[in-house]
Amino acid sequence: MDIQDLDRRAVRTSVALVRQVTTDRLGLPTPCADWDLRALLAHLTVQHIGFARAVAGERTEVADWQPEPLPDDFVAAYERAADQVIESFGSPEAPSRRTYLPEIRDGVTVPGAMAMGFHFIDYVVHSWDVAAAIGVPVEFDDDVLAAALTVAGQVPADAASRGPGTAFDPVLPEAAGGAPLDRVLAMLGRSPAWPE
């Protein structure tokens, strides 16, 4: 799969959704149980920056990935961060560059393409989180969803990888059927029927 192109398209989808967020909606709940929309957008912004730096070959630390308060012009800040990660990932050397990710299992070094895969699945799922929070639909091309299903299927299902303090919750029963996006969400512990 062309992870550079797939990630770019997932990020662009997230940008289109964030542009629909207004200040009065920042307190809305999201499918990320501990985060309202303000906290989710702060997370998404800093993750773009962290991944951009890491895939560019910088050695980052956990502190570099900690969200900061959203600025007044949070949409513009998000767009700048999205542009930064797209530029970093677009480098011809990026897929093969050894990339250190301090937040994963106390720090791991992986090929850039794998780091992009982590980022890609996050932004497919988090795009849905934003869309669900503000009550609008989100659509991805079939090949993006096919790739997301593949990547989601590679996320370990062990207790160290799922549940409190980890990126994903345990797989939900809905993962076995349904539309591709619903399956991706359920495979990563999100209920497609949220907030029910």
Side-chain angles (χ1 to χ4, degrees), residues 6-53 62-89 103 116 118-141 144-145 147-148 151-152 155 162-170 172 174-175 178-196:
L6 291 163
D7 185 82
R8 178 185 56 77
R9 290 154 64 196
V11 170
R12 288 294 177 219
T13 296
S14 76
V15 169
L17 290 162
V18 171
R19 285 176 177 157
Q20 298 179 59
V21 177
T22 51
T23 303
D24 60 308
R25 293 174 142 184
L26 292 175
L28 291 173
T30 73
C32 302
D34 296 331
W35 292 341
D36 61 11
L37 194 51
R38 179 186 308 276
L40 176 60
L41 294 184
H43 167 77
L44 295 179
T45 302
V46 78
Q47 288 285 307
H48 281 323
I49 296 167
F51 271 98
R53 291 176 61 193
V62 170
D64 297 318
W65 298 67
Q66 298 309 302
E68 297 182 355
L70 286 184
D72 290 340
D73 197 352
F74 62 89
V75 174
Y78 185 79
E79 290 175 340
R80 285 192 299 273
D83 288 343
Q84 185 177 343
V85 81
I86 287 170
E87 181 179 355
S88 174
F89 284 17
E103 289 190 312
M116 291 179 206
F118 297 157
H119 185 267
F120 165 71
I121 197 63
D122 267 2
Y123 284 82
V124 169
V125 174
H126 282 321
S127 290
W128 175 81
D129 290 334
V130 173
I134 63 174
V136 300
V138 59
E139 294 184 7
F140 294 100
D141 292 334
V144 171
L145 291 175
V151 175
V155 176
R162 303 287 186 135
T166 66
F168 303 112
D169 286 332
L172 298 178
E174 296 95 318
L181 180 56
D182 289 353
R183 290 167 56 203
V184 170
L185 297 171
M187 289 168 72
L188 299 175
R190 295 279 205 284
S191 172
W194 183 87
E196 295 175 15

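Only this structure's heavy atoms are used, side chains among them; waters, hydrogens and symmetry mates stay out. Every value quoted in this text rests on a predicted model; they were computed, and no experiment measured them.
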*For Asp24, check side-chain hydrogen bond (donor to acceptor under 3.5 Å, both in side chains) against everything at least two apart and list the hits.*
Thr22

*asked:* Does anything in residues 33-46 form a salt bridge (Lys or Arg N to Asp or Glu O under 4.0 Å)? List the pairs, not counting sequence neighbours.
replied: none

*Quick one: does Phe74's side chain get under 4.5 Å of Leu26's, heavy atoms only?*
yes

*Working to the nearest 0.5 Å, report the span between CD1 of Ile134 and CD of Gln20.*
4.5 Å

_Does Glu87, at its CD atom, have more than 12 non-hydrogen atoms belonging to other residues, nucleotides or ligands within less than 6.0 Å?_
no

_Stepwise side-chain contact (heavy atoms from CB on, under 4.5 Å) check, Val136 with Val130_ = CA-CA 9 Å; Val136 300; Val130 173; over 6 Å; no

*Any chance you could measure Thr23, atom OG1, to Asp73, atom CG, to the nearest 0.5 Å?*
9.0 Å

_Working for side-chain contact (heavy atoms from CB on, under 4.5 Å), residues Glu103 and Gln66_ = CA-CA 10 Å; Glu103 289 190 312; Gln66 298 309 302; 4.2 Å; yes

*Glu79: what forms a side-chain hydrogen bond (donor to acceptor under 3.5 Å, both in side chains) with it, not counting sequence neighbours?*
Arg19

*asked:* I'd like to check the ring pair (Phe, Tyr, Trp, His ring centres under 6.0 Å) partners of Tyr123; sequence neighbours left out, ordered by chain and number.
replied: His48, His119

*Can you list the steps and then say if Trp128 with Phe140 is a side-chain contact (heavy atoms from CB on, under 4.5 Å)?*
CA-CA 10 Å; Trp128 175 81; Phe140 294 100; 5.6 Å; no

*What residues form a salt bridge (charged side-chain N to carboxylate O under 4.0 Å, His left out) with Asp129, not counting sequence neighbours?*
Arg190

*Check ring pair (Phe, Tyr, Trp, His ring centres under 6.0 Å) between His43 and all other residues, then give those that pass, not counting sequence neighbours.*
Trp35, His126

*Partner residues of Pro180 under the side chain to side chain contact (heavy atoms under 4.5 Å, CB included) criterion, sequence neighbours left out*: Leu145, Leu149

Sequence neighbours excluded and cut-off under 3.5 Å, please list the side-chain donor-acceptor pairs for residues 10-18, or say none.
| from | atom 1 | to | atom 2 | distance (Å) |
| --- | --- | --- | --- | --- |
| Arg12 | NH1 | Asp83 | OD1 | 3.3 |
| Arg12 | NH2 | Asp83 | OD1 | 3.1 |
| Thr13 | OG1 | Arg9 | O | 3.1 |
| Ser14 | OG | Val11 | O | 2.6 |
| Ser14 | OG | Tyr78 | OH | 2.6 |

*For Ala133, enumerate each residue passing the side chain to side chain contact (heavy atoms under 4.5 Å, CB included) test, keeping only those at least two apart in sequence or located in another chain.*
Thr30, Leu37

*Could you list the residues that satisfy side chain to side chain contact (heavy atoms under 4.5 Å, CB included) with Gln84, not counting sequence neighbours?*
Ile49, Ala52, Arg53

*Would Ile121 and Val184 satisfy side-chain contact (heavy atoms from CB on, under 4.5 Å), going step by step from the backbone distance to the final call?*
CA-CA 9 Å; Ile121 197 63; Val184 170; 4.0 Å; yes

*Heavy atoms only: give me the nearest Ser88-Phe51 pair and the separation to one decimal.*
OG-O, 4.5 Å

